Amino acid sequence: MADKTFYFLTFLTLLFALLVVFSKNPVYSVLYLILTIFCLSGHYLLLNAQFLFAVNIIVYAGAIMVLFLFVIMFLNLREDAEPQKSTASKLAAVVAGGMLLVVMVAALRRVDAGSYNPATYNSQIGLVENLGKVFLGTFCCRLNWLRSCS
Amino acid sequence: MELSILIVKSLIILVIFGITLLIATYSTYAERKVAAFLQDRPGPNRAGPFGLLQPIADAGKMFFKEEFIPRQASTWLFILGPCLAMITALMSSAVVPFGDTILVDGKEVMVQGIDVNIGLLYVFGVVSLGVYGIMIGGWASNNKFSLLGAIRAASQNISYELAMGLSIIAILMMSGSLSLRTIVEQQHGMNWNILYQPVGFILFLTCAFAECNRTPFDLPECETELIGGYHTEYSSMKLGFYLFAEYINMFISSAVISTLYFGGYNYPGMDWVRETLTGSLGAVAGHNVATLIGTIVFFGKTFFFIFFFMWVRWTLPRFRYDQLMNLGWKSMIPIAILNILLTGAGLLLNTKLMSWVMVVIIVLVVVVQGAVANKKRAQTQSYSKA
């Protein structure tokens, strides 16, 4: 059951992500991006990370995407108002994108996703009480260290 | 989960859904009656006794009007706008605890859609999504006035969401839980949060007004400047859904306010009532009747806040847009942050009453500012005389 939900959700995520890229109208792109973020939040929920689910929706879908939509609506881009790009810039974009793909594939090909021991794994770790303890207990010093470095 | 409990649970969810719609319907009637009372006129009194069938007549009228979609509008988004407004308005009632538990087959079933441990964040997330219905509808209309209304709505909602979130944080620091039920249970025995968080309550109330697009913050639909705001191009039930969503939002925010600050279903002397009832009616029936009384008390509190929304609507004039933004960013957010700091200090000093210091500070600032303004005015008057 959980497996099927996962595959269905992943399919939807990828579908909406592709629609973001292929939509002609930027407003539709933003709306599809919102749907993509919802699907990603669904993945968090499948992992029993309720807090991340809520925060992802509040911050990304609720605030940042509203600002995106806001700006794009103000600009009011139309298909006919879109400037024609030259072949050279299109070619450059394709090459740059391809390079990024190669780098990502090379980096992620041998990555060790890690594993867990079902006997000792705490399935409640994603709930807000436990997450808070981990954040401000175990990782508190590391967070502070990172902050002092940056 | 046993079948009887499943049935009771689904019944509770259905009843919550139905009650939400019913209350929103009769809020339109109540609004017109309150408006009539405040303006010294009778109000709707033709359809049924006291005009009680007026909302139903209005809904019927809305359904039979012509559906009109402008030619230049993007059809799907135009339809999606009111749907989204309605869905997001209805979603947040799922986590509000309407009452204590009822006993079925010796098991306790909560009078609440779901009790999640991120309850408050869920409400907050749904509220933050509410702006999409307005924005999409306003943009899809392909009308400059609609777009301006939508953009006003979006900027207003984003600005006031911040202050709202910050005012909630003070409550969370005191309760240590995001679950609305836990927050209510902690307020048992007249420990209502309003006594410990007066500033947070006023901030939250003001932000609730702004989030619902109610007067004095109803700039997205300001008739004098924007014709009709984001729903200028809408007709028939699509317009009806937009207006209806506003009333549902009003009900939900009233419910959340009474949950967070006014003890939810708690009322003074509820333990005594419960003991007397269980003594006279038996354990199960007594418990259930006591829960029912708590739920009625909860709805009483909610109705008071719905009335408050209407009262303010006919009392305060609309803000100017720069005043709205100044209030949001320059007054409410600093006050909310100071309130958090003071509440934190109070928790370290083992007192919950630290927020009252904030009240004193605000009163002092207002008095000093008023005195300075008066002095300036007196000076300019004396200059102009000389």
Side-chain angles (χ1 to χ4, degrees), chain A residues 19 23-42 44-45 47-81 123-133 136, chain B residues 72 74 76-77 80-81 84 88 91 95 114-144 146-162 164-165 168 172-173 176-179 182 211 230:
Chain A
L19 282 170
S23 295
K24 281 276 181 197
N25 190 331
V27 172
Y28 283 89
S29 286
V30 173
L31 294 179
Y32 284 125
L33 189 51
I34 294 166
L35 285 176
T36 315
I37 286 167
F38 267 103
C39 294
L40 284 175
S41 304
Y44 286 133
L45 209 55
L47 292 169
N48 207 15
Q50 298 175 2
F51 180 71
L52 263 183
F53 160 79
V55 167
N56 198 39
I57 283 186
I58 292 173
V59 175
Y60 284 93
I64 291 180
M65 293 321 290
V66 171
L67 291 177
F68 270 50
L69 202 59
F70 193 93
V71 171
I72 286 172
M73 279 182 181
F74 250 139
L75 296 176
N76 212 6
L77 295 172
R78 298 256 165 226
E79 280 164 50
D80 47 295
S123 67
Q124 306 297 306
I125 193 73
L127 304 189
V128 58
E129 293 90 354
N130 303 325
L131 201 68
K133 277 173 199 151
L136 299 174
Chain B
Q72 293 287 313
S74 39
W76 285 111
L77 290 187
L80 186 69
L84 269 180
T88 48
M91 262 165 70
V95 292
I114 37 167
D115 181 31
V116 282
N117 63 358
I118 50 160
L120 203 48
L121 280 182
Y122 174 85
V123 173
F124 203 61
V126 172
V127 165
S128 68
L129 295 178
V131 69
Y132 282 122
I134 293 174
M135 278 190 91
I136 289 173
W139 182 81
S141 306
N142 200 11
N143 175 332
K144 290 224 160 51
S146 302
L147 184 65
L148 275 175
I151 281 172
R152 276 188 177 192
S155 42
Q156 174 181 322
N157 277 30
I158 292 174
S159 314
Y160 280 80
E161 239 164 55
L162 280 174
M164 194 181 216
I168 290 174
L172 296 184
M173 282 162 62
S177 170
L178 284 166
S179 157
T182 317
E211 294 287 323
Y230 57 89

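It should be emphasised that the depicted structure is a prediction, and the values quoted were computed from it without experimental measurement. Throughout, protein chains are lettered first and strands after them, A, B, ... in sequence-line order, and every chain is numbered starting at 1.
For the side-chain contact (heavy atoms from CB on, under 4.5 Å) criterion with Phe68(A), the lone passing option out of Val30(A), Leu31(A), Ile34(A) is Val30(A).
Counting heavy atoms from C-beta outward, Gln156(B) and Tyr160(B) have side chains that approach closer than 4.5 Å. Side-chain contact check for Leu69(A) versus Tyr132(B): some heavy-atom pair is nearer than 4.5 Å.
Using a 4.5 Å cut-off between heavy atoms, Ser155(B) touches chain A through backbone and side chain atoms alike. Heavy-atom distances place the side chain of Ile158(B), and not its backbone, under 4.5 Å from chain A. Contacts between Leu178(B) and chain A at a heavy-atom distance below 4.5 Å involve the side chain alone, from C-beta outward.
In terms of non-hydrogen atom pairs under 4.5 Å with chain B, the most contact-rich of Asn56(A), Val27(A), Val128(A) is Val27(A).
A donor-acceptor contact closer than 3.5 angstrom is absent between the side chains of Ser179(B) and Asn117(B).
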